[in-house]
A.B. asks: 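This is the structure, below, for whatever I ask next.
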Amino acid sequence: MTSIHTQLLTDDASGALVERHFRIRVVTGPDQGKEHLLDEGTTMVGTHVDNDVVLTDATVSRYHLEIRVRRDGIEIRDLDTTNGTKHGGVKIGQVVLTGAARLRLGKTTEVDVEPVDNAIELAEWSGDRYGDVLGATPPMRRLFALLARAAPTEATILLQGETGTGKEAIAEAVHQTSRRAKGPFIVVDCGSIPHELIASELFGHAKGSFTGAASDKQGLIEAANRGTLFLDEIGELALDLQPQLLRVLDRRQVRRVGETHAVDVDIRVIAATHRDLRAMVRAGQFREDLYYRLAVVATPVPALRERKADIPALVRWFADRMGRGEFQASPSLLDQLAQHDWPGNVRELRNVVERALSLGDTSNVLEELRQSSPREPEPTSVAGDPAKRTSSDVLDLPFKEAKAALVESFERDYLVALLEKHHGNISRAAAEAGIDRNYIHRLVKKYNLEVDRG
């Protein structure tokens, strides 16, 4: 017996987790009123008796439509029919639908594709951790309950939260509790890979496809086959690369740079961002169709200031992982930590604990925090002296953060000098650097530079 296929997603309006299945309903033509719930697998529609949905309209082909339920919607494919299939008045060959739609089959039959949603009551989360992520406050328990429900499915997940909230650790915990746990967990940091290299890093390349391509290279998407692909800081992905990623998500195929054939990939995607992707969609900085492919199950990740009651447990947790399980934080220290707003979130707390344990002095942590808290970068005039960043303390950071800091320092200093040389002319600067002018625009905005054209 075939089961009814359901999808897991979050409702756009309420953010609640729902289970969705689809039905098709004939609204015009000789078969008006006929309904069918879409089964797992493929549903065939046409006039031949072998179809799952049998129609009697003579203008409908014997085998007219093939409907396949996917993790992110339903795929409709016209089977090269005589009178065709229309969606929104346009004749289609293949389309992926994520919500309600009306299709015209032949000349007289119209069919509504309708999502049917049922709210999911999440089980109470009783523990204080999910994988290697710690938290016992209500926001974290809600997050853990949602992730525990979504992890065993193939639903694409979008984690939305500030930098340092532990989104990568959360993504890895989802992977480890999924059916793909034995497969690879591949991280792509979309914000730290230079624009001119990211296509090769993501999709791979063929030998000789560009200068320096000395051999074939497998991309990170291929490397994630049968596992999980974690797209960190997806909001930093350049607009011109977003259609290529969308094709991968739609077709589950990847084509290496310089090759004409595509390779099938079996991947589960988790993405993360500290940006407001909805606002970026409205501003034309992020594709709407890509957003909806990624935000199937979308959930916020709480900032540390929203769960300060977790700080004592986190301090013990970090001390234990640093080999100092005997460490007992004094009430005075915990009071100091509770007074801080933690703009760097859990990552900042970990670094503070590590520094305090290394120095053996916790007497004045609060003052250190005030001095080390991240500040908004001040605008730098290209016409004036560029603000220099120091890397003297880069070895105090984890590798990934240290690498990102050095890349940002190089990008900013290089860009300042390049634009100063060309008196703010972005086109000439882009030509000399050999990079797209739109990428220079993005960097100018990223580093809050003031381009002096005088």
Side-chain angles (χ1 to χ4, degrees), residues 122-151 157 159-178 181 185 230 232 270 272 274 299-374 396-401:
L122 293 174
E124 183 75 20
W125 188 266
S126 57
D128 64 351
R129 67 193 63 192
Y130 179 70
D132 278 344
V133 184
L134 186 73
T137 51
M140 294 303 289
R141 291 192 180 197
R142 284 194 296 272
L143 174 64
F144 293 166
L146 182 145
L147 295 174
R149 181 64 179 81
I157 297 175
L159 303 171
Q160 301 162 303
E162 297 176 9
T163 299
T165 48
K167 298 186 290 294
E168 182 176 332
I170 291 170
E172 188 164 10
V174 170
H175 170 73
Q176 293 297 340
T177 54
S178 75
F185 176 73
F230 176 53
D232 198 8
I270 302 175
H274 73 281
T299 181
V301 178
L304 184 55
R305 64 180 173 276
E306 297 169 356
R307 56 183 192 107
K308 286 188 176 181
D310 282 328
I311 289 177
L314 286 167
V315 170
R316 291 192 298 271
W317 170 257
F318 290 136
D320 185 59
R321 289 171 73 88
M322 294 169 192
R324 294 286 302 276
E326 80 286 354
F327 174 74
Q328 294 293 324
S330 67
S332 173
L333 172 60
L334 293 177
D335 184 59
Q336 290 182 63
L337 298 178
Q339 292 179 49
H340 189 52
D341 282 338
W342 299 104
N345 291 293
V346 177
R347 181 184 298 159
E348 184 185 3
L349 176 62
R350 182 197 62 202
N351 292 341
V352 166
V353 172
E354 185 174 21
R355 186 163 63 246
L357 292 176
S358 299
L359 298 175
D361 180 14
T362 61
S363 60
N364 201 22
V365 171
L366 188 58
E367 183 58 34
E368 287 186 20
L369 288 172
R370 286 174 177 155
Q371 294 176 4
S372 64
S373 292
D396 292 335
L397 299 172
F399 174 80
K400 182 179 176 182
E401 296 170 46

A.B. asks: Please lay out, stage by stage, how Trp317 and Asp310 fare under the test side chain to side chain contact (heavy atoms under 4.5 Å, CB included).
C.D. replies: CA-CA 10 Å; Trp317 170 257; Asp310 282 328; over 6 Å; no
A.B. asks: Determine whether Thr165 and His274 make a side-chain contact, defined as any pair of heavy atoms from C-beta on separated by less than 4.5 Å.
C.D. replies: no
A.B. asks: As a test of understanding, state which of Arg305, Lys167, Arg347 forms a side-chain hydrogen bond (donor to acceptor under 3.5 Å, both in side chains) with Glu162.
C.D. replies: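 Of the listed residues Arg305, Lys167, Arg347, the side-chain hydrogen bond (donor to acceptor under 3.5 Å, both in side chains) partner of Glu162 is Arg305.
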A.B. asks: How close do Gly131 and Ala173 get, heavy atom to heavy atom, and via which atoms?
C.D. replies: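 For Gly131 and Ala173, the tightest heavy-atom pair comes out as CA-CB, 4.0 Å.
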A.B. asks: Roughly how far apart are Arg307 CZ and Asn345 CG, rounded to 0.5 Å?
C.D. replies: 8.5 Å
A.B. asks: Atom NZ in Lys308, atom CG in Leu349: separation rounded to 0.5 Å?
C.D. replies: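 Between Lys308 NZ and Leu349 CG, I get 11.5 Å after rounding to 0.5 Å.
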A.B. asks: How many angstroms lie between CD1 in Ile270 and CG in Asp232, if you round to the nearest 0.5 Å?
C.D. replies: 11.5 Å
A.B. asks: Could you state the interatomic distance from CE (Met322) to CZ (Arg350), rounded to the nearest 0.5 Å?
C.D. replies: 7.0 Å
A.B. asks: Identify the residue among Leu337, Asp341, Leu314 that makes a side-chain contact (heavy atoms from CB on, under 4.5 Å) with Leu304.
C.D. replies: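 Of Leu337, Asp341, Leu314, side-chain contact (heavy atoms from CB on, under 4.5 Å) with Leu304 is met by Leu314 alone.
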A.B. asks: Can you tell me how far the CG atom of Leu146 sits from the OG1 atom of Thr299, to the nearest 0.5 Å?
C.D. replies: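 Nearest 0.5 Å value for the CG-OG1 distance: 5.0 Å.
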A.B. asks: In Å, rounded to the nearest 0.5 Å, how long is the span from CE of Met140 to CH2 of Trp125?
C.D. replies: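 Spacing of CE (Met140) from CH2 (Trp125) equals 11.0 Å.
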A.B. asks: Tell me the closest heavy-atom pair linking Ala150 and Ile157, and the distance in Å.
C.D. replies: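 For Ala150 versus Ile157, the nearest heavy atoms are CB-CD1, 4.1 Å.
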A.B. asks: Can you list everything that forms a ring pair (Phe, Tyr, Trp, His ring centres under 6.0 Å) with His175? Sequence neighbours excluded, please.
C.D. replies: Phe185
A.B. asks: Decide yes or no for Leu143 and Ile170: does some side-chain heavy atom of the first lie under 4.5 Å from some side-chain heavy atom of the second?
C.D. replies: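 Side-chain contact under 4.5 Å: yes.
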A.B. asks: What I'd like to find out is whether the side chain of Arg316 reaches to under 4.5 Å of the side chain of Leu134, using heavy atoms alone.
C.D. replies: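 Not in contact.
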A.B. asks: Determine whether Glu172 and Phe230 make a side-chain contact, defined as any pair of heavy atoms from C-beta on separated by less than 4.5 Å.
C.D. replies: no
